[in-house]
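Note that this is a predicted model, so its numbers are computed, not measured. The basis for the numbers below is simple: all heavy atoms, side chains too, and nothing from hydrogens, waters or symmetry mates.
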Amino acid sequence: MLCGTASAVGAARVQPFIIVNALPGVAARSLWRERAVAGAASEEPAAGRMTGASPDLRMYLFGPFTLLGPDGEELTPKSRKSRAILAMLAVAPRGSRSRVWLRDKLWSDRGEDQASASLRQALLDIRKSLGPRAAHVLTADKNTVSLDLAAVAVDALELAARERRGEDGSTEHFLEGIDVRDPEFEDWLALERQSWFARLEEAGFEADLAPRPAPSEARREASQAVPRTSPPAAPQPPQSLLRQEDEGGWRVAMMPPVILGGDPAAAVLQADVQRALRRALVETGDLRLVDMAPVALGDLGAGLAGGGLLARLPEQVHLSVQVRVLADHSYLRVGIVLQNPADNALVWSDEVIVPRRESIGEASFAMPLIVRATEEATLHFLRRHGTEGAEAEGRIAAAVASMFRLARGDLDRSEEILRRHLDRTPTAQGYAWLAFLNTFRVGQRFNPADAPLIEETQHLARRALGLEPNNALVSALVGHIHSYLFGEFDYAAALFEQSLRVNPAQTLAWDLYAMLHAYAGQPKRALAMARWARHLGAFSPHRYYFETTRAITGNFSGDHQTAIDAGQSALAERPDFNSLLRVLVSSNAHLDRPEEARLFLERLLQVEPNFSVASLRDAGYPGLDTEGGRHFLDGLVKAGVRKH
């Protein structure tokens with residue numbers, strides 16, 4: 001949504017679950033993996049339970065890659081790269097990857113024509129292995145390759161669950177022995193292996209798995225795909241506890257959850273919500289977690305009653321957060337509570353309730369609650385320490401609050417805070433937010449010469465991604481930079497997908513990803529994503545920004561009433577935001593409301609006196625040559641905007 005809007009989505013390589021099923025064309029990943037994590041007795045895939053049929057195929061990603069048919073027949077392709085394609089699709093959001101992405105990962109050393117031919121040959125190899133099932137399991141068009149996740153049970157965390165119960169099994173490396181020998185694939189594989197180990201560790205398996213020795217130096221040299229870090233030799237205390245004396249930031253205690261109802265579904269849901277909430281809190285850049293969950297059973301009752309656990313909290317912790325889940329025969333209730341540990345005073349609480357028939361164990365309905373809880377936690381510390389104090393300390397929250405006010409002076413203040421933050425603590429989020437701020441300056445045309453600013457932005461984005469390549473917020477912000485400033489849509493889309501896999505509650509990622517789809521000529525999909533971002537951020541202090549994206553994507557897709565409704569809602573908070581005014585001019589003209597279009601054009605020319613269609617093109621506004629972009633420009637011209 002730069003140039004006045006900005007909203008997209010990214011994703012790292014950790015959690016292939018909780019993919020929102022409220023969006024058109026976005027299929028939910030099966031939850032049987034998460035049931036395995038929570039120790040649920042049933043190993044039946046969720047897809048089978050929902051549709052009444054079990055998946056046709058089973059795919060094993062831990063240990064040697066294996067694909068079996070419904071009767072146990074071997075369907076594994078012979079080619080290593082064919083196996084790699086299936087594995088990458090199995091852990092990809094919605095089971096889809098672009099042809100360009102697959103070529104870059106598996107044939108990075110070949111020219112485009114040769115790589116395309118090799119990919120086609122690998123797909124033929126896969127179809128040959130699948131036989132008659134290939135037509136509905138694997139689909140490919142000129143842009144993307146997709147695996148039907150409802151037809152394939154991917155046996156990853158189920159394997160870990162068997163280990164936890166002491167049954168026969170193995171905890172070999174993810175995709176052991178799949179030696180493709182392409183540096184791009186090996187980098188991807190290294191990240192996946194590290195992420196899967198972290199995921200198992202996060203789920204509580206680290207105490208049960210036998211320690212593994214670090215790979216030998218000879219093996220490290222033979223393949224870069226060997227994980228760069230080995231599992232700990234013994235269970236370690238949470239990193240938030242180990243670092244709490246060393247790191248700056250406002251500290252939040254993550255209390256043990258409350259689960260009522262005795263239903264395994266409640267435990268699964270709680271694990272999903274708590275994992276997403278923990279990630280969202282950390283991604284603020286200012287909040288540091290003190291995890292109070294791993295305590296002795298004897299402490300649990302006293303802790304929930306406000307006794308033992310709270311007494312053990314460090315003095316510098318001034319906020320506790322707790323997830324509460326109640327399962328009834330007809331509904332699931334999820335609540336999040338923020339309290340002051342000093343006196344148990346309630347800071348904030350809210351809950352969501354969903355009928356069981358609508359939830360199907362899916363935690364996406366709780367995402368807006370997670371987003372709001374994170375915002376309320378940040379606001380608590382801003383109120384407690386004061387905005388001026390937060391600015392002086394270089395807090396990211398203060399910089400972001402100032403940035404989204406969008407005026408030139410506010411952007412200058414935000415930049416000062418971020419540079420102060422980076423002088424003290426050079427963090428990935430600090431670099432990413434500063435790069436993102438520069439896109440506002442380009443979009444609002446505050447700088448007469450943008451070339452040096454764009455060059456600095458590229459440098460900042462590279463630094464951010466280099467420091468934390470798996471941070472969902474960093475991936476989303478950098479994805480937007482590559483989408484908006486450089487038009488690198490395929491690379492940006494990969495970052496957004498990575499961001500959303502790591503944190504499906506990352507509102508800004510959904511918002512920015514929506515804008516990428518608008519720029520790339522998919523306005524209807526963009527509008528669907530924008531609506532979901534607006535739903536997640538309904539109570540956000542930056543909700544006008546999400547409304548702006550909804551307005552732009554509405555205009556590009558021809559839904560002008562939505563564009564006008566969203567635009568006027570956002571304009572009430574940001575009356576001089578040029579991106580909003582442009583959309584309102586265009587959409588009112590398309591709906592044959594010349595008077596309204598003229599009034600908004602007059603306001604726009606007060607903000608941008610030299611605004612014209614040519615000035616938009618000169619500024620590099622993306623997506624203007626798509627069907628939606630031309631529709632946007634037609635509305636401007638119809639309203640009387642100069643072409644030159």
Taken in chain and number order and not counting sequence neighbours, the residues that satisfy side chain to side chain donor-acceptor pair (under 3.5 Å) with Arg543 are none
Within-4.5 Å side-chain heavy-atom neighbours: Phe365 and Leu269: yes
The test is salt bridge (Lys or Arg N to Asp or Glu O under 4.0 Å); show your working for Arg617 and Asp625 and say whether it passes. CA-CA 10 Å; Arg617 292 193 178 278; Asp625 291 325; 3.1 Å; yes
Do Arg642 and Val613 have side chains that get closer than 4.5 Å, going by heavy atoms? no
Matching residue for Leu580 among Val585, Leu604, Leu571, Ile552 - test: side chain to side chain contact (heavy atoms under 4.5 Å, CB included): Leu571
Mind checking whether Arg395 and Leu382 have side chains closer than 4.5 Å, heavy atoms only? no
For Thr387, which residues count as a side-chain contact (heavy atoms from CB on, under 4.5 Å) partner, sequence neighbours excluded? Glu391
Considering residues, nucleotides and ligands other than Glu627, do more than 12 of their heavy atoms fall under 6.0 Å from its CD? no
Which atoms form the tightest heavy-atom contact between Ala435 and Ala461, and what is the distance? CB-N, 4.1 Å
4.5 Å side-chain heavy-atom contact, Leu319 and Asn340: no
Among all residues two or more places apart in sequence or in another chain, which pass the ring pair (Phe, Tyr, Trp, His ring centres under 6.0 Å) test with His421? none
When you measure from the side chain of Ser402 to the backbone of Ala399, do you find a donor-acceptor pair of N or O atoms at a distance under 3.5 Å? no
Ser475 side chain to Asn471 main-chain N or O, any donor-acceptor pair under 3.5 Å? yes
Determine whether Asp350 and Arg372 satisfy the following criterion, salt bridge (Lys or Arg N to Asp or Glu O under 4.0 Å), listing intermediate values before the conclusion. CA-CA 9 Å; Asp350 202 355; Arg372 191 174 179 196; 3.2 Å; yes
Okay, side chain of Ser615, backbone of Phe611: is any donor-acceptor separation there less than 3.5 Å? no
Would you call Ser320 and Gln339 a side-chain contact if the rule is heavy atoms closer than 4.5 Å? yes
Below 4.5 Å, heavy atoms only, C-beta onward: do Glu375 and His542 meet side chain to side chain? no
Thr284 side chain vs Ala280 backbone, donor-acceptor pair below 3.5 Å: no
N-O pairing of Lys638 and Asp592 below 4.0 Å: yes
Relative to the ring of His480, is the ring of Tyr484 parallel (under 30°), tilted (30 to 60°) or perpendicular (over 60°)? parallel
Contacts of type side-chain contact (heavy atoms from CB on, under 4.5 Å), residue Arg420, not counting sequence neighbours: Glu416, Ile417, Arg424
Taking Phe404's backbone N and O only, do any of them form a donor-acceptor pair with Arg574's side chain (distance below 3.5 Å, no angle check)? yes
I'd like to check the ring pair (Phe, Tyr, Trp, His ring centres under 6.0 Å) partners of Phe486; sequence neighbours left out, ordered by chain and number. His482
Compare every heavy atom of Pro341 with every heavy atom of Val317, then report the nearest pair and how far apart it is. O-CG, 4.0 Å
Greater than 12 external heavy atoms within 6.0 Å of Glu388's CD: no
Which heavy-atom pair separates Asn588 from Glu596 by the least distance, and what is that distance? OD1-CB, 3.5 Å
Looking only at heavy atoms, which two atoms of Ser587 and Ile564 are closest? And how far apart? CB-CG1, 3.8 Å
Between Ala432 and Leu477, the two heavy atoms sitting closest are CB-CD1, 3.7 Å
Pair Asn503-Glu283, side-chain donor/acceptor within less than 3.5 Å: yes
In terms of side-chain geometry, is the basic nitrogen of Asp559 or Arg550 positioned less than 4.0 Å from the acidic oxygen of its partner? no
Indicate yes or no: at least one non-hydrogen side-chain atom of Ile396 is less than 4.5 angstrom from one of Val400. yes
Which of Arg463, Arg462, His459 passes side-chain hydrogen bond (donor to acceptor under 3.5 Å, both in side chains) with Tyr431? Answer is Arg463
Flag, side chain of Arg603 to backbone of Pro575, donor-acceptor distance under 3.5 Å: yes
Leu411 versus Arg441: any side-chain heavy-atom pair under 4.5 Å? yes
Checking side-chain polar atoms at under 3.5 Å, does Ser98 have a donor or acceptor matched by the opposite partner on Asn143? no
Criterion salt bridge (Lys or Arg N to Asp or Glu O under 4.0 Å) on Arg419 and Glu456, from CA distance to verdict: CA-CA 13 Å; Arg419 294 196 184 278; Glu456 183 200 33; 2.8 Å; yes
Residue that, paired with Leu277, satisfies side chain to side chain contact (heavy atoms under 4.5 Å, CB included) out of Val323, Val371, Val282: Val323
Among residues at least two apart in sequence or on other chains, which ones pass ring pair (Phe, Tyr, Trp, His ring centres under 6.0 Å) with His380? none
To the nearest 0.5 Å, what is the distance between CD on Glu393 and OG1 on Thr425? 10.5 Å
Geometric cation-pi criterion, Arg534 with Phe546: 6.0 Å, 45°: no
Say whether, by atom type as modelled, one donor and one acceptor occur between the side chain of Trp433 and the main chain of Ala397 under 3.5 angstrom. no
So, for His535 and Pro368, which heavy atoms are closest and what is the spacing to 0.1 Å? NE2-CG, 3.3 Å
Check step by step if salt bridge (Lys or Arg N to Asp or Glu O under 4.0 Å) holds for Asp286 and Arg251. CA-CA 8 Å; Asp286 286 324; Arg251 290 179 175 83; over 6 Å; no
Measure from the side-chain N and O atoms of Ser586 to the backbone N and O of Phe632, and report whether any donor-acceptor pair falls under 3.5 Å. yes
